[in-house]
Amino acid sequence: MTPFEYLPAFVRAFFGLAALLVCLADIAVTVLAAVKKRYKVIVFAVVLFAPVYFIWQVIFDLTLPGDAVSARAVSRTLGGLPWISWLSTLLLAAIASGLLLRYVIKYDKSFITPGAIKLFLDKMPCGICCWLDNGKVLFSNICMNDLCVALTGESLLNGFVFLDFVKDGIHKVDGKVWRFSCRDFASGGETLHEMIASDITTEYAKTASLERDKSELSRINRELNEYTLNIDETVRMQEILQAKVNIHDEMNRLMLSTAAVDAGETAELDRIFSMWDRNALLLCLEAERSADTNAADAFVKLAEALKIRLIQHGELPEALSEEQRALFYTAAQEAVANAAKHAGAKTLEISFYETDGFVECSFTNDGRLSSGEVKFTGGLSNLTALAQKQDVSVTAVGGGSFKLILRFPKKGRKISRSDDDYLNQA
């Protein structure tokens, strides 16, 4: 078989090129294995590199002209070997180097390595970086680098410098909203600092929408409160108007009764004239009450006009709110008017009783009692309607004297069953 050194020059050159390529493959395997810290692979690559490089050197020696070349004897000896042995050796070395190179390249896809972690972090939609206490960045993905360039105009080289720039937490970059959060953790005996940038564009837009809806709801709530106040005022004016209508109807009835009575019926005329006098006073006081802002003064003036003597046992309890005080004076005026108009009373006693759960106000007159059950009509009906809005109970009790009782629950309390038993006993 033809020795290797007797092969044509271009064939020997082809063998030399093949040996050089195998050497380069072994060098690539060595570098990649060193990066991935695969030291056993480095040893195999060096073991393959040494003989293949020697073969390439022998081919180079055989190509040089002349005989004064070092190691010429070794080169001549190896050149005398059959060319098939050279081919077999190069093929085995090429196959081994190829397998090592394939193993090193696919190692990141099969095992967790720094390169695999970096590849995974670069594909994440959020920004991640980590640095030491001196600010040196250990790693950062592409997203965080892009954010740093967009916000600061510089590359991410110092973690603390970038942290000072994004310390507000939320920043807008290229139409997106990013939230930056940082935390510290210990690893390998030293403290590391980690920053994560999350895309919150959708959440930010929804939050802004909720803020707008909240503002709109606040506006609607204010309008509803104003509307409620207007309703209360309208109801109050309607009640005043209804009171005036009732007085007007009473005046019409008196006019008809006056026209129908005979001039000789002195007792009937006295009764009718007395009712004329009292209804005229009520009408005048109603007109005066609409312009009077002091409910207590209006109540006293009404009693004086109707010649009702007031006897008040104790002061008005401080536990009553402004609305409850207003309702009390409304009930007091109604009690005075009913005492004079329906019972012909001369005295009205006002007393108070207070517990942990409620405040009771009672009005007792010394007038004549009507037979049968007390019916809540006219002013008492209106008073009951106003009291229900404040959860205040209104009760009329007969017996030796007529008593009107209002029971006001204290703030944050409700009338209990024991309170109802007390009222029933009263």
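Heads up: numbering here begins at 1 and tracks the sequence.
Not one N or O on the side chain of S209 forms a donor-acceptor pair closer than 3.5 Å with the backbone of A205. Judged by distance alone, with hydrogens and angles left aside, the side-chain atoms of T30 form a donor-acceptor pair with the main-chain N or O of D26 at under 3.5 Å. With N225 contributing its side chain and N221 its backbone, the two residues share a donor-acceptor pair below 3.5 Å.
The distance from the NZ atom of K410 to the CD atom of Q324 is 10.5 Å, given to the nearest 0.5 Å. Taken to the nearest 0.5 Å, the CD1 atom of I142 stands 13.0 Å off from the CE atom of M144. Note that SG of C361 and CD1 of I405 are 10.5 Å apart. Values are rounded to the nearest 0.5 Å. For the atom pair SG of C23 and CD of Q57, the computed distance is 10.0 Å after rounding to the nearest 0.5 Å.
R212 pairs by the side chain to side chain donor-acceptor pair (under 3.5 Å) definition with nothing, not counting sequence neighbours. W86 meets the ring-ring contact (aromatic ring centres under 6.0 Å, His included) test with F4; sequence neighbours excluded.
The ring pair (Phe, Tyr, Trp, His ring centres under 6.0 Å) pairs that include a residue from residues 315-341 are F328-F352, F328-F363, where partners are two or more places apart or lie in different chains. For residues 303-318, every residue pair satisfying the side chain to side chain donor-acceptor pair (under 3.5 Å) rule, not counting sequence neighbours, is listed here: H313-E349. For residues 141-161, the pairs satisfying side chain to side chain donor-acceptor pair (under 3.5 Å) are S140-N145, with sequence neighbours left out.
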Tabulate below the donor-acceptor pairs under 3.5 Å that side-chain atoms of residues 171-185 make, not counting sequence neighbours, or state none.
residue, atom, partner, partner atom, Å
R183, NE, E194, OE1, 2.7
R183, NH2, E194, OE1, 3.3
D184, OD1, H193, ND1, 2.7

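No more than 12 heavy-atom neighbours from other residues, nucleotides or ligands sit within 6.0 angstrom of CD on E323.
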